[in-house]
Amino acid sequence: MKNRILDLIKKEQVRQQNTLMMIPSENYTYSEVYKAVGSFLMHKYAEGQPKKRYYQGNQVIDEIELVCKQNALLAFGLSDAKWHVNVQAHSGAEANLAVYNALLDPGDKIMSMFLPDGGHLSHGWYTSDRKITLVSKIFDVSFYKVDEKTQLLNYEAIEKQANIIKPKMIISGGTAYPRQINHEYLGAIAQRVGAYYLADVSHEAGLIAARVNNSPFEYADVVTMTTHKTLRGPKGALIFCKKHLAEKIDFGVFPGLQGGPHMHSIAGVAIALEKARSVAFRKYADQVIKNAQALAEYFIGKGLNVVSGGTDKHLVLVDLRNKSTNGWIVANALEIAGIIVNRNTVPFETASPFYPSGIRLGTPAITARGMKDSQMKMIAEWIVKIIDHVKEDTMPLDSSLRSEFLVSFKNKIQKDKFLLSVRKEVENLCKNYPLSED
Ligand code: DSN
């Protein structure tokens, strides 16, 4: 029987096959994970912890969750004498909320990274005229920024700020900081001011598991991560904590924040974590970084302003202000050409988050398809040419003229011969790197 949603799923699969998925937080998972996530496990309620459930019928579920917990510790080389892991948070923002719920009281001070510099909403974002996040309504949040010249975190400045603020929690991590984080330094600052150090490594989780990015575990009290980015699992999250915090963290998740865990996702996460220990995964993660660095190098050679002058990770952030264009214009033009990126704020942003000055590009998904150096060169060339192609289309500063511009620009690019010719080339490239059918 025809089913509209199943037809749409097929359509989305075709879109993913025929375009370059270059949003750094997106990735392809494994066929075994699809089986787990679309399985009978989604029928089951399992509030509580393995062997301590509130509902009957959880024998198999308990085994699955215990395997997931064990795989999580193994993937990051952690001993269960020192570390505890909770695998039940539904996603990254909920994992962070559960940690605050477990370890902080309302009104406590948090220090986290400034959102336009690459921080994350769930670390307490608010603006001067609006408490945007629930976290900012509950806690007293201050932000640290990157250095204006280097666009890197200035740890001495963060230390000075922490000495004044005396936060109860320092958070690192975010969505658009292209460099590795000095966890040792941040952990030491937190220790000196009597704060918890929470490392949110959602973006880098797979790179850390593969040992190609710094691990925070020696220095942090709590480490949170999502499971679907560089880690290549299904949507989900993990909370690792030092053993003495285990009870508080578990209680902070359930009953503190969530209801029943999504056991189908947890099973998928367990599978991805096992794969993350393989040699193939380590090679993959290494290539993810090489590919991102190849893109950054090419862009710099062509005069693009790559934030912080490069990347240590899977993402590249480009500030388009020196090309007199912005992230909205370029991301929309790239989409017509089949290159899917996201527009993003950049350090010392002068525009709004909806029409920001940059684009953020990532290599996890295209590397999962098997693309390497020579494909990066082709892709980077297309991107540079497209930026050049649209740079005459200037978005009016006056917001009353803007909506007319947005509509006419979107109409124009649909029929743009150059963008459509790149799209053909992108589709040919994609054909050579098919996605798994199951
Ligand atoms: N939305 C994710 C990202 O793109 O980085 C983070 O939550």
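Note that ligands are numbered from 1 as they come in the structure, with each ligand's atoms numbered from 1 the same way. Not measured: the values here are computed from a predicted model. The basis for the numbers below is simple: all heavy atoms, side chains too, and nothing from hydrogens, waters or symmetry mates.
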Task: Donor-acceptor side-chain pairing of Q88 and E65 below 3.5 angstrom - done: yes
Task: Test ring-ring contact (aromatic ring centres under 6.0 Å, His included) applied to F254 - qualifying residues, sequence neighbours left out - done: Y54
Open item on the list: Show every salt bridge (charged side-chain N to carboxylate O under 4.0 Å, His left out) that has at least one partner inside residues 211-221, sequence neighbours left out.
Closed with: none
One line per pair, note the atom names and distance for all nitrogen or oxygen contacts under 3.5 Å between ligand 1 and the protein.
residue, atom, partner, partner atom, Å
ligand 1, 4 (O), S25, OG, 2.6
ligand 1, 4 (O), R360, NH2, 2.7
ligand 1, 5 (O), H203, NE2, 2.7
ligand 1, 5 (O), R360, NH1, 3.0
ligand 1, 7 (O), H120, NE2, 2.8

- [ ] Drop me the distance from I171's CD1 to Y197's OH, to the nearest 0.5 angstrom.
- [x] 10.5 Å
N/O donor-acceptor pairs under 3.5 Å from side chains in residues 325-338, not counting sequence neighbours:
residue, atom, partner, partner atom, Å
N326, OD1, W328, N, 3.0
N326, OD1, I329, N, 2.9
N332, ND2, W328, O, 2.8

Task: Side-chain (N101) to main-chain (G252) donor-acceptor, under 3.5 angstrom - done: yes
